[in-house]
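A short write-up of the structure that comes next.
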Amino acid sequence: MPVFLHDTMSREKRPLLPKPGRDVYGMYCCGPTVYGPAHIGNFRTFTVQDVLRRTLEVAGLKVKHVRNITDVDDKTIRGAQASGQTLGDFTKKWADKFHADCRALGLLAPHVEPSAVEHIPQQVAMIKALVDRGHAYVAKDGSVYFKVCTCADYGKLNHIDFSKLETQSENSAGEANDADEYERESASDFALWKSRKPEDGANFWPSPWGEGRPGWHIECSAMSLAHLGATFDLHGGGIDLCFPHHENEIAQSECATGVKGFAAHWFHSAHLMVEGEKMSKSKGNLYTLDELVAKGFSPMEVRYTLISGHYRSSLNFTMKGVDDSRSALAKLERGADRLLAAAGFSRAEFAAPVAQEVQTSWGRFAKAWEVLQDDLNIPGCLGQVFTVLAEKDEPTAEQARQDVSGLAKILFALGLQLFAAKAEVAIPADVAELGARRWAAKQSKDFAAADQLRKDLAALGWTMLDRKDGYDLKKS
RNA sequence: GGCGCGGUAGCCAAGUGGUAAGGCCGGGCUCUGCAAAAGCCCCAUGCGUCGGUUCAAUUCCGACCCGCGCCUCCA
């Protein structure tokens, strides 16, 4: 059974399969603009895309995942100039940070990660094709605009009828749009090439229309064409990109190549709220991964939280939610441990599984897998996983091996790495000393002293957990 | 105004035309010198409101109330 996913364009749930005659499933995801640290809202989208890719791979598809780096636009240029760095140095710094965060969150690296600056010739070529075909025009200042009215089905992704909106010249707030782009023939037209301005500094490139830089939308069209071809299988991004960015991509690509059917499937993920409010700079609730780690959360706990809601519903990210995820993840680890014990596997075998003969089996997790394949229902899948882990009947070793195979694949698809090395908290010498003394007191049944030592430890912020054969010291 | 999403227990969150998964919290029990941890058990006659269709609706239809998103460069 193939993976099914809701498609924004058709508004239907459709199977994800490579185009006939192709054996690789090509997906293009709009990547980050590298002008600062990505926030958890960005990562919700990238994480959900990562789960989709992993799920497709577990389902047996060969996937080519392309995710660009936007390293030339207003924000990156402004940021570079403000920091006194070259655009390249500035964007490299933030791209590196992005990659570090991605690794921490367990995101698989895309197979291709094209840079917009490195694809300027391709963008220029595409703009030239659009001009040649009459879909774009050159303004007096050398900027080039896409002529929306030449694209009959413009608006098809968003189901907007632009033939009736052509005279629109202001946005919903009643403000005139983009005063500096007054040379556009229509308010719906958008920039393909922006002529060189003094504030761009050294960041301009040659083109048939003079020096300048590409508009934002054209980069994704050019890079997807370069790496996946004129048509490919799936295009993803945050829901905010649906309009106008993705609509514009369709128009540019289909008009430039003359081939309809740019992306066969559109995958949009809903936004994140933080503590019940929309994320925004002014509210100061744009959390970065670093900030959450500083609060004591692990990246895996953050990942669990980000995928714990269905991707098409907005998710309210709260600190309590990450706390809940910590408990849930711990429960998952305990369940997995029990299963491993029953199967006679070690944790290492679980992480790099799985006995050959059970590679294809799902054990009792077949249902969880089925649920995941149905529109990437991660919450439903997790619910099913917990249901199985709570089942009372002890599996036989053979059944447990099958279960381990199934669970390992599901956790791989979700990108949840269990038993991840937790940051080792160094135990101060005085705490270790108190612990040792308490253990000794307990062994000699001097409970009064043991209790006092427990209190002493608590005063230092430590908790002692007794086991049958020893004890652990934990920071409380 | 246009396009779209959602309202399910204290919190989070799946799902279904036949009577509500799961996680967190909470309560109980077992275990335990104590404290934890862990395991087990319990925890919505109810799914925004009002109508309709149906043998049967939380699930379909209609209306309404409430919340939210996008509508030109924000994942």
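Hydrogens, waters and symmetry mates play no part in the numbers below; they use all other heavy atoms, side chains included. Chain letters run A, B, ... following the sequence lines, proteins first and then strands; every chain starts at 1.
With salt bridges taken as basic N to acidic carboxylate O contacts below 4.0 Å, none links A:Asp451 and A:Arg438.
Put simply, CH2 on A:Trp462 is 23 Å from P on B:A35, counting in whole angstrom units. Look at CE on A:Met300: it is 21 Å from P on B:G23, rounded to the nearest Å. With rounding to whole Å, A:Glu185 atom CD is found 17 Å from B:U72 atom C1'. Distance A:Asp50 CG to B:A75 C1': 15 Å, rounded to the nearest Å. Going from atom CG of A:Leu457 over to atom P of B:A36 covers 16 Å, rounded to whole Å. In this structure, A:Gln252 atom CD and B:U72 atom P are separated by 17 Å, rounded to whole Å. When rounded to the nearest whole Å, the span between OH of A:Tyr28 and P of B:A75 equals 13 Å. Taking atom NZ of A:Lys278 as the reference point, atom P of B:G6 lies 19 Å away to the nearest angstrom.
For B:C47 and B:A13, the C1' atoms lie 13 Å apart once the distance is rounded to whole Å. Nucleotides B:A21 and B:U30, compared at atom C1', are 27 Å apart to the nearest Å. Going from the C1' atom of B:A37 to that of B:C29 covers 16 Å, rounded to whole Å. Only the C1' atoms considered, B:U19 is 15 Å distant from B:U8, to the nearest whole Å. For the P atoms, the distance from B:C70 to B:A57 is 38 Å, rounded to whole Å. Here, B:U59 and B:A36 have their P atoms 45 Å apart, quoted to the whole Å. For the P atom pair drawn from B:A63 and B:G39, the interatomic distance equals 50 Å after rounding to whole Å.
For A:Lys331, a side-chain nitrogen or oxygen approaches OP1 or OP2 of B:C24 to under 4.0 Å. Within the 4.0 Å cut-off from OP1 or OP2 of B:A38, not a single side-chain nitrogen or oxygen of A:Arg338 is found.
Scanning atom types as modelled, one donor and one acceptor separated by under 3.5 angstrom connect the side chain of A:Asp451 and the base of B:G33. Side chain A:Asp466 to base B:C34: a donor-acceptor pair is found below 3.5 Å. With hydrogens and angles ignored, a donor-acceptor pair closer than 3.5 Å exists between the side chain of A:Arg454 and the base of B:A35.
Checking B:A75, B:G22, B:A13 against the side-chain heavy atoms of A:Thr387 singles out B:G22 as nearest. Of the candidate nucleotides B:C24, B:G33, B:C74, B:C74 has the atom lying nearest to any side-chain atom of A:Lys75. Considering only the side chain of A:Ser188, B:U72 comes nearest among B:G23, B:U72, B:G33. Among the nucleotides B:C11, B:A14, B:A75, the one closest to the side chain of A:Lys320 is B:C11. The side chain of A:His271 sits closest to B:A75 out of B:A13, B:G33, B:A75. Checking B:G10, B:G15, B:C73 against every side-chain atom of A:Trp216, the shortest atom distance belongs to B:C73. Out of B:G15, B:C25, B:C73, the shortest distance to the side chain of A:Asn377 is found at B:G15.
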CA sep, side-chain torsions, deciding dist, call: A:Ile378, A:Ser308, side chain to side chain contact (heavy atoms under 4.5 Å, CB included):
CA-CA 7 Å; A:Ile378 299 170; A:Ser308 64; over 6 Å; no

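Among the atoms of the strands shown, only primed sugar atoms or phosphate atoms (P, OP1, OP2) are found under 4.0 Å from some heavy atom of A:Gly237. Contacts of A:Gly383 with the nucleic acid, taken as non-hydrogen atoms under 4.0 Å apart, include base atoms. Among the atoms of the strands shown, only primed sugar atoms or phosphate atoms (P, OP1, OP2) are found under 4.0 Å from some heavy atom of A:Phe386. A:His268 comes within contact range of no nucleotide atom at all, as no heavy-atom separation falls under 4.0 Å. Counting non-hydrogen atoms under 4.0 angstrom, A:Asp240 reaches a base of the nucleic acid. A:Arg334 comes within contact range of the sugar-phosphate backbone alone, with a heavy-atom separation under 4.0 Å but no base atom that close. Residue-level contact check: A:Arg67 touches neither bases nor backbone, having no heavy atom under 4.0 Å from any strand. At a threshold of 4.0 angstrom between heavy atoms, the contacts of A:Leu272 include nucleobase atoms, whether or not backbone atoms are also involved. At a threshold of 4.0 angstrom between heavy atoms, the contacts of A:Met279 include nucleobase atoms, whether or not backbone atoms are also involved. As judged by a 4.0 angstrom heavy-atom cut-off over every strand, A:Lys392 is placed among residues touching the sugar-phosphate backbone only. Among the protein residues, A:His39 comes within range of the nucleic acid bases, having at least one heavy atom under 4.0 Å from a base atom. Across all strands shown, A:Lys445 has no heavy atoms under 4.0 Å from either base or sugar-phosphate atoms. Backbone-only engagement by A:Arg11 is indicated by non-hydrogen atom pairs under 4.0 Å involving sugar-phosphate atoms exclusively. Residue A:Asn158 is in sugar-phosphate contact alone, with no base atom involved, counting any heavy-atom pair closer than 4.0 Å across all strands shown.
Between the A:His271 side chain and the A:Ser314 main chain, no donor and acceptor come within less than 3.5 Å of each other. Side-chain atoms of A:Asn377 do not come within 3.5 Å of backbone N or O of A:Asp374 as any donor-acceptor pair.
The aromatic rings of A:Phe317 and A:Tyr287 lie tilted to each other, with the angle between the two planes from 30° to 60°. Between A:Tyr28 and A:His235, the angle of the ring planes lies from 30° to 60°, which puts this pair in the tilted group. Using cut-offs of 30° and 60° on the angle between ring planes, the pair A:His268 and A:Trp266 is parallel.
Each of A:Ser308 and A:Asn42 lies near RNA chain B, and the nucleotide nearest A:Ser308 is the one positioned closer to the 5' end. Comparing A:Pro32 and A:Tyr304 by the nucleotide of RNA chain B that holds the closest heavy atom to each, the one mapping nearer the 5' end is A:Tyr304.
Across all strands shown, B:G33 remains unpaired; no Watson-Crick or G-U wobble contact has both distances below 3.5 Å. Under the Watson-Crick or G-U wobble criterion, with both distances below 3.5 Å, B:G6 is paired with B:C66. Judged by Watson-Crick or G-U wobble contacts below 3.5 Å, the nucleotide B:A57 has no partner. The pairing partner recorded for B:C43 is none, the criterion being a Watson-Crick or G-U wobble arrangement whose two distances lie under 3.5 angstrom. Both distances falling under 3.5 Å, in either a Watson-Crick or a G-U wobble arrangement, occur for no nucleotide opposite B:C25.
Atom NZ of A:Lys367 is surrounded by 12 or fewer heavy atoms from other residues, nucleotides or ligands within 6.0 Å.
Using a 4.5 Å heavy-atom cutoff, the side chains of A:His265 and A:His6 are not in contact.
A cation-pi contact links A:Lys409 to A:Trp362, judged by a cut-off of 6.0 Å to the six-membered ring centre and 45° from its axis.
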